[in-house]
Number of protein chains: 2
Amino acid sequence: MRQIKHPNIDQVELTDIMYALSDPTRLEIVGQLANAGRKMTCGEFDLNRPKSSLSHHFKILRAAGLVETLIEGTEHMNALRVAEIEQKFPGVLQSVLTALNKS
Amino acid sequence: MRQIKHPNIDQVELTDIMYALSDPTRLEIVGQLANAGRKMTCGEFDLNRPKSSLSHHFKILRAAGLVETLIEGTEHMNALRVAEIEQKFPGVLQSVLTALNKS
DNA sequence: TCTATTGTTCGATTATATTCGAACAATAGA
DNA sequence: TCTATTGTTCGAATATAATCGAACAATAGA
């Protein structure tokens with residue numbers, strides 16, 4: 001598997017996004033990614049979970065179209081698909097990120 | 001039980017809201033409520049589910065702070081807590097409603 | 001007081017999610 | 001080619017959610 005498959009943005013449902021963002025760990029991942037403003041490897045996140053658990057959460061974030069993962073060597077670089085999500089669901093991700101940074 | 005208890009808006013977590021909105025039936029309820037622009041009884045919703053199932057979904061919407069239910073006689077009048085939610089999580093509910101009406 | 005109406009609660013079933021250790025796969029670099 | 005690094009996948013256990021019929025509760029109105 002050379003690169004990981006991601007859903008096309010048209011295929012992403014609002015319920016998928018809501019579901020992905022309903023878990024504290026995943027919300028944390030999304031928040032850290034947004035605040036970093038750059039691609040991050042899975043290991044870079046400040047979360048205290050075994051890697052198999054994190055891998056599971058990244059899988060759900062990818063399926064929801066929120067995160068894009070590019071393989072670079074042995075590392076997997078994760079990026080938020082902000083622009084696409086914003087285009088399809090204006091304001092949804094932005095307002096969630098704003099709420100995250102307030103709490 | 002004279003009136004139903006609702007959470008104070010301070011106690012509402014973002015994850016609760018995301019979770020409540022991750023279910024198609026509940027999203028439908030929220031959408032119909034918003035579009036109606038008025039209080040609605042449970043029976044008024046155009047959903048094809050047994051009442052025990054609907055009652056379950058309303059319970060979750062209430063717990064998430066999204067819906068307020070006032071008992072009037074034998075009817076339960078449901079209203080969206082738009083203003084409070086908007087105050088605490090600006091843009092979140094609005095953008096979801098906008099997305100709902102596009103699909 | 002009896003009955004119809006409107007929802008909630010209960011209980012059981014089925015379906016989905018979460019969690020995490022262990023094994024596996026892909027790659028970089030020695 | 002061997003090894004370390006980075007994640008994924010597998011499998012099994014546990015937890016949480018959805019579904020819905022049946023019984024129950026509260027009220028209005030006859």
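Letters go in sequence order (proteins before strands), and every chain restarts at 1.
Proximity of a side-chain donor or acceptor of E86(A) to a complementary backbone N or O of G91(A) within less than 3.5 Å is detected. Of the possible polar contacts, none joining the N78(B) side chain to the T41(B) backbone as a donor-acceptor pair under 3.5 Å is found. With E68(A) contributing its side chain and R62(A) its backbone, the two residues share no donor-acceptor pair below 3.5 Å. Distance alone, capped at 3.5 Å, is enough to place a donor-acceptor pair between the H6(A) side chain and the I4(A) backbone. Checking side-chain atoms of D16(B) against main-chain N and O of E13(B) turns up a donor-acceptor pair under 3.5 Å.
Distance, H76(A) NE2 to dA26(C) P: 11 Å, rounded to whole Å. Going from atom CD1 of I71(A) over to atom P of dA28(C) covers 11 Å, rounded to whole Å. As rounded to whole Å, 12 Å separates atom P of dT8(D) from atom CD of E75(A). Between the CG atom of L54(B) and the C1' atom of dT6(C) there is a distance of 12 Å, given to the nearest Å. Remark: C1' of dG7(C) and CD1 of I29(B) are 13 Å apart, rounded to the nearest angstrom. One atom, CG of L70(A), and another, C1' of dA26(C), lie 16 Å apart when rounded to the nearest Å. Going from atom CZ of R2(A) over to atom P of dT8(D) covers 15 Å, rounded to whole Å. Look at CE on M77(A): it is 12 Å from P on dT6(D), rounded to the nearest Å.
Residues K51(A) and S55(B) each lie close to DNA chain C; by heavy-atom proximity, the contact nearer the 5' end of the strand is made by S55(B).
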Open item on the list: Each nucleotide in nucleotides 10-18 of chain C should get exactly one letter: B, S or -. Can you fill that in based on protein heavy atoms under 4.0 Å?
Closed with: -------SS

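The two residues Q11(B) and K88(B) come nearest to each other via the heavy atoms N-NZ, 4.3 Å. Between A99(B) and L14(A), the shortest heavy-atom contact is CB-CD2, 4.0 Å. Counting all heavy atoms, side chain and backbone alike, A20(B) lies closest to L61(B) at CB-CD2, 4.1 Å.
In this structure, the salt bridge (Lys or Arg N to Asp or Glu O under 4.0 Å) partners of E44(B), at least two apart in sequence or on a different chain, are R38(B).
For the segment residues 32-41 of chain B, residues with any heavy atom less than 4.0 angstrom from an atom of DNA chain C are, sorted by number, T41(B).
For DNA chain D, if you chain together Watson-Crick or G-U pairs that step i with j, i+1 with j-1 and so on, the runs of at least three with distances under 3.5 Å are C:1-30 with D:1-30.
Contact annotation: R62(B) does not reach the phosphate of dG7(C) (side-chain N/O to OP1 or OP2, under 4.0 Å). Phosphate contact (OP1/OP2 of dT9(C), side-chain N/O of K59(B), threshold under 4.0 Å): present.
To the nearest 0.5 angstrom, F45(A) atom CZ is 12.0 Å from T25(A) atom OG1.
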Tell me which donor-acceptor pairs under 3.5 Å the side chains of residues 49-56 of chain B have, and how far apart each pair is, sequence neighbours excluded?
none

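Side-chain heavy-atom separations under 4.5 angstrom define the hydrophobic clusters, and the remaining members of the one that includes I60(B) are Y19(B).
For T74(A), whose side chain is taken as the heavy atoms from C-beta onward, the closest listed nucleotide among dC20(C), dG7(C), dA26(C) is dA26(C).
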